Amino acid sequence: MEATQAPHAVGQLTQWAAAAADDPATGGGYFDAYSTVGLLAVVGVLFVAVAFTANRLMRPVAPTPEKLLSYECGVDPVGEGWAQTQIRYYVYAFLYVIFAVDAIYLFPWATVFAAPGYGAGTLVEMFIFIGFLAVGLLYAWKKGVLEWT
Amino acid sequence: MHLAYPAVLAALLFCIGLYGVLARRNAVLMLMSVELMLNAVNLNLVAFDVWLRDTLHAGQALTLFTITVAAAEIGLGLAIVLMVFRSRGTADVDRLRDLADSIAPPTDNTPDSAPDSPPSQDADPVKGKAAA
Amino acid sequence: MNAVLIALLLLPLLGAAATLVPRAFGADPAVRDRRALRFATAVTGLVLLLAVALAAGFDHGNPGRMQAVTDVRWIPALDVRLHLGVDGISLPLLVLTALLTFLCALYSTRRLPDGPGTPSPLAFTGLLLLLEVGMLGTFAVLDLLLFFLAFEVVLIPMYFLIARWGGEGRGPAANRFILYTLLGSAVMLLGLLLLGSKAGTFDMTALATRHGAGLSHTTQVIAVLAIGLGLAVKAPMWPLHSWLPDAHTAAPTVGSVLLAGVLLKMGTYGFVRVVLPATPDGAATLAPYLGALAAVGIVYGSLACLALARPGAKGDLKRLIAYSSVGHMGFVLLGIATLTPTGINGALFANIGHGLITGLLFFLVGAIKDRYGTADLDHLAGATTATGAALYGRAPRLGGLLAFAAVASLGLPGLAGFWGELLAMFGSFHPAAGLSRPAYLVFMALAGLGTLLTAGYLLTVVRRVCMGDPADAPRLAAEPAGTTQQPAIADIKPYEAAAWTPLAALTVLAGLWPAVLLGLSDPAVKSLLGGG
Amino acid sequence: MNLLDALLRCVAALAAFLVIPLVIGQTEHKVMAHMQGRLGPMYAGGFHGWAQLVADGVKFAQKEDVVPSGADRRIFQLAPAVALLPYLVVLIAIPLGPNGLVGQVVDAGLFFVLAVMGIGVLGSLMAGWASANKFSLLGGIRTAAQLMSYELPMLLAAASVAMAAGTLSLPGIVDAFHWWWVPWQIIGGFVFFTAGLAELQRPPFDMPVADSEIIFGAYTEYTGLRFALFLLSEYAGILVLCALTTVLFLGGWHGPFSDGLGWLWTLLKIFVLAFVVIWLRVTYPRLRQDQLMRFAWTVLIPLSLAQLALTGIVKVVIS
Amino acid sequence: MTATTTPHQLADLAVANPGALIQSVDWVAIAPPLIAAVAALGILVADLLLPARRKPLLGWAAVAALALALLALIPLRHGDRATFCLKTVAATTDNGGCSYVADHFTLVFQLIALGGALLTALLSVHTVDEQRMPAGEYWFLLLGSATGAALLPASRDLATLIIALEVVSLPAFALVGLRRDRLGGEAALKFFLSSVTATAVMLLGVSFVYAAGGSLHLAALADGLDHAPAQLRHLAQAGAALTLVGFAFKVAAVPFHFWLPDTYTGAPVPVAAYLSVVSKAAGLAGIALVTTLAFRPYAHTWGLLLAILAAATMTVGNVAALRQRPDTPRSAVRLLAWSSIAQAGYLLVPLAAAGYGHDGNPLGATAAYALIYAVVNLGAFAVVAAVGRTAAENRLDDYRALFSRRPASALALGFALLCLAGLPPGVVGVFAKVVVFRAAVDAGLGWLAVVMAANVVVALYYYLVWTAKLFTPQATPQPQAQAQAQPEPQPQAHRMPAPLSAAVALTAVGAVVLSLAPQLVLQVVSTTLF
């Protein structure tokens, strides 16, 4: 459904959007900061690439089957490397996703709540929000999710 | 920036996601595909928001909500997948046929998922309920 | 006055509700059942008394006017009013309904189908009373949606009567009955809604007064098609009749009686009450088709009966009477299709006549089936013997009554069956202006042929069942336990006599003094047809 | 924006990225040695072994690069770069001094910094997964769990500062700083710094790379330059953490004569914090995995929530 | 906004005009969902503090909270409250700029949501206990979902709408799987995956619509779509269609229905009841809001779309229901599941009519039908839940002769089924259908009305067969003795738990009362809802 629809629609959008592209708010200026960041990232990648290339020239290459074996206390490895691990870890991933996403509301709010027009009411609202987080945490705690058994 | 870039990117992402949902049979991969779709939507929303110069920033606000929704969905989804995996040892949605419409005479248990699932105590809901 | 009509509907409804009250009839099953049946008789009797009172209080000088009118708001949102009333068209049908229901209840106190798998008579009582509510309601309401509702109310109890107390093949028969009629009534509802929403009111009297004004021809035709379909299924019109034989064959006696006696009339009544006055243009357009189908139905019904009556055809007597109903109702429909007062009066008369006669016939056949254990004509008559089953000889009064009902049914002058069919054919001879006369003459000729065939099969039946020498009557494998020896077919029992005599008497009365009914219906019909 | 200017800023950032971590590393050698009553490296380069880390680097560069046969080759090779580069990118957004002495002002810089730092965890996860080694996998998963657990208090503490300053821009935050913010935000600062340490898997939060237990966690299979990059990323991480703590909680360039010497104040504060990091390594024993997790969820997060509340109340009261 | 990236730019972005954003909140207006939400949270906390033997209290607390939330609807009965309003949003209607409007439409659907949740709660008081589901979580999730269902009909902007929809759905996924057994997991996973995909598709549609209309407020969106440049028309239409797809999943309209039977059968029966009524009503309210308010300019497009959906939904639902075998495990719930799909088809009819009609009030028909459907369907589920306690397999065959064992339950179920079928004596069911038919006929959707008529007849068959089964005497124990391998369920079935009886009684009395006085419900047909 998308494949047929989207390009068509986008084609039309572009015509209309052409004017908007010149606008400073939507156009070039906004992205300058990030273009520098991008440049730095490129520089970083270059650095790593150069380092590895140089490394390739300098290092010996003499693989043997023993050398390429996975390391496991000095004896030959037993079984697969990708073993199943304790599920416990997953719970933390879980908690994190839930809580961290809540934090995205915090940042926009944090920058404006003291601005004129918002006031204490906004603060209370956020306290309620934080209260939710706290209840969630309390819940997880009491249910023993945070215990490492 | 031209609106076309984010819009096309979003469309591509969404298509990939949709393909993933339709083609993949592993529940976790399907979940990931759905996330891809949602993020395509986010991209769309933010791009349109900027393009419309919406003073309310409704698109951005909705993006925040979408992110939250996506997080909640993924959290819940993984929990459900995990539960299914624990009870049957597979996360392949095509193999979940216990509840499928059985026009044929009822068989007592599902033959296809029985071998690889350890007979856990509460695997059989009927038994479990009867005990309760 | 209007309290009577409300009480008429409320009484059986409350009675039906009372059967749901736990332990209202005592805890002991046997006692409970007996009480329940007596209760049914009492309630239906009371209803009959009320109906008679209603008829007595009816202003016979002015039967074209709605009387005993109640008109209160019920569902303002849908513009549904609790609008009740009777006129010369509905009054006879109301009385007939009350009478037949009472007789059925009376009959059932002694002779209820039982055996393994039949539920308790308590449930029977509830269903019978509910059925009566629906039947009476159909004839008493004056609001399209209420009419539909009442039309539908009868379905569930009748379904259960057939499916629970019926004979062989009752499950499929009941399903078929309800699916056919419901499909019809669903389409009918659409038609009613179309009519109501285009005309702006659901009130039947208002619609009749308006006489189709403000409705476009297309609307009228569509409305008539849709409404007519629902009514035709119920009537039943050929080729929509095929639920009827199965339903009758499987239904218990009481069910058959009410089905034939009342339920079929609801369809034809709907034509007269709703279709003709509210959408005259549409009706005029479609009337020839209706007439044609009716004529085909008459012939078809008779031929089917003839085929069933043949020796060796394994014809079921109940099925035969059911088919004969198709033919008889064909006369009614033909009368309606003429769009003339004569034809419609005839149709209404035939309605009543058929209700009385066929009700009686089904009672009789039910009794025969009880005694012989089967209603298979070949079994009854003995497949090989040329002579009949000798019912005259073994149970003279029963046989006599059966012969009486049969000849009444075939339209012997002087009995109830005669006038309706005669008038319908008269109407067909002079159809309303704008209808094709030649076509109607053909219909009339077909109808005449139908009367001949009807006489043929009914007489065959009488010959095969009633006549013959008792000595070499066939031995029946399924003799009921009570009748151990060959000639000991029980004759009419007192309770049977009580249930049947009124019907027979009224058949004679209506045949001899048709003016009673026609005087009632004629002014009403004329006013419905727009003073014509 | 001038391309040359931008390039210059990038090169400067790269230079800082390559030099300062080495300095911190060398400092660690010496400080640890002194704290433990030993000499530490003394020979390379002559004066107190100043070139030790350079020598180490040369050694790593000359070593064979082994990729285990069972490994997921591509990912295995890519992992060190993924672990390293985010810290480089982050550096450019950190203000050194007033009046635009910063690699690049990124609006919503706080967001940017925290988000990019989050990518670093991928490197460890990739390494742990791709090695096809049980220890590595375990280490990788531990890393992930730990990073996730500590990311949250860190975010919340950072949010508190953003509330106080009313902006997400890093220079903006430093601009808005007053001395009394230090006591006001002290809890947040503690949470942030602690959580940052845990994110870096520095002792005492080094369970994921506990060499005595799971050899070296995600990095077990790594040799040569790739291993060196992981090491480099750890020290770059220390730099970034200390710099962020400085900017957010310690006022960055604020201090006497800050107009001219602001950048010096920033560097000084960074080095003091780096010293603390080293100090902690020497002082505390390693936490157990369960203690590690519980500490995050039951101590740091409630603390950071409390700090948020405190910040909000004070902010509303004074405005 | 300037090109320079000042340090405070984000702050500028956020504070467009604080005065327009901050307003006082009408607490009375938002009380119904708020009470449910607070109760949900309270129960979650209380669950942590209560000792195990006091856990049953939680259920009663949930019931009380829902009853309270229902009471909170009373002050709103005039239907003129709105809150969270923005004066800056351009809109033609009075409450166009408001995100939360408590008009009559809202009230009706909140009544369904909260009332349905209340009945579900009554149904589940014993289920939670018997199936050893975690009490705190169960009640929290139920109340949470009810909150969303109560919020949804009140929301008048797409963001709130979507959040509300998710608040309905997410706890529902968990509720389905809360038994943590094989079937529950499968049911939850299927439900989850299809629903989540639908949400993503819907959000894509929303983003398109937003691009074309320039707002998320429904009223403003309609204006925006009206004046959208021609190039964007296709985009907007695609967006509208995709948005509808998302809601169609929620109401399980064909072809987005496949998850439903599996989910209902795998879920605990009260949860299935909840899904079939409350969740479905929420989706329906969403469709109604989106189509009639936001997509008004494209009325003909979605009108036809919904008409086709409705026809397909009822047909597929009924045909599949016909094919159910009475002897398979869980066939009772399965039949109800398919029947609920069919009913969803009927519910969509007036909405489709709204796309065509200019006069009349088709939405009222949907609201009325939904109300009636809620009562009778919950009634059916209540009895099914009661029977399920003794007959674990819950086959249709287990309902044979229910009348002789439990007359009251059998009568209640029979009445509910007749109401669902639309047959007297279930008068209210008849009038529900009449209302829907009328909406279709008024809008000139004759073909849809005929399709529906045929479907009503088809549906009648399976409802009636089931009803008949209730009164069929028990066959003498024969070959199917193995089905009754468990000793006659009779002895342990002596008493129904009080809350379950209460639920059965409430719905049955409700259905009977409504049958006597349909005006109570049908008055919504004659009032303008918005």
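These numbers come from a predicted model, not from an experiment. Note on naming: letters A, B, ... go to the chains in the order of the sequence lines (proteins, then strands), and numbering restarts at 1 for each one.
- Residue contact with chain E, scored on non-hydrogen atoms closer than 4.5 Å, involves the backbone and the side chain of Leu183(C) alike.
- Within the 4.5 angstrom heavy-atom criterion, atoms from both the backbone and the side chain of Leu78(C) approach chain E.
- Here Leu193(C) is the residue among Leu20(C), Asp79(C), Leu193(C) with the most heavy-atom pairs under 4.5 Å with chain E.
- Heavy atoms of Val450(E) lying under 4.5 Å from chain C belong to its backbone as well as its side chain.
- The part of Val441(E) that comes within reach of chain C is its side chain, from C-beta onward, which places non-hydrogen atoms under 4.5 angstrom from that chain.
- If you measure heavy-atom distances from Val154(C) to chain E, you find no contacts under 4.5 Å at all.
- Contacts between Leu130(C) and chain E at a heavy-atom distance below 4.5 Å involve the side chain alone, from C-beta outward.
- Close approach to chain C, defined as a heavy atom under 4.5 Å from one of its heavy atoms, is seen in Leu411(E), Leu418(E) of residues 411-421 of chain E, taken by number.
- Contact of Leu522(E) with chain C is made through backbone and side chain together, with heavy-atom distances under 4.5 Å.
- Considering only heavy-atom pairs separated by less than 4.5 Å from chain C, the leading option among Arg438(E), Gln519(E), Met452(E) is Gln519(E).
- Along residues 453-465 of chain E, the residues that come nearer than 4.5 angstrom to chain C, judged on non-hydrogen atoms, are Ala453(E), Ala454(E), Val456(E), Val457(E), Leu460(E), Tyr461(E), Leu464(E) in order of number.
- With Trp74(C) contributing its side chain and Leu516(E) its backbone, the two residues share a donor-acceptor pair below 3.5 Å.
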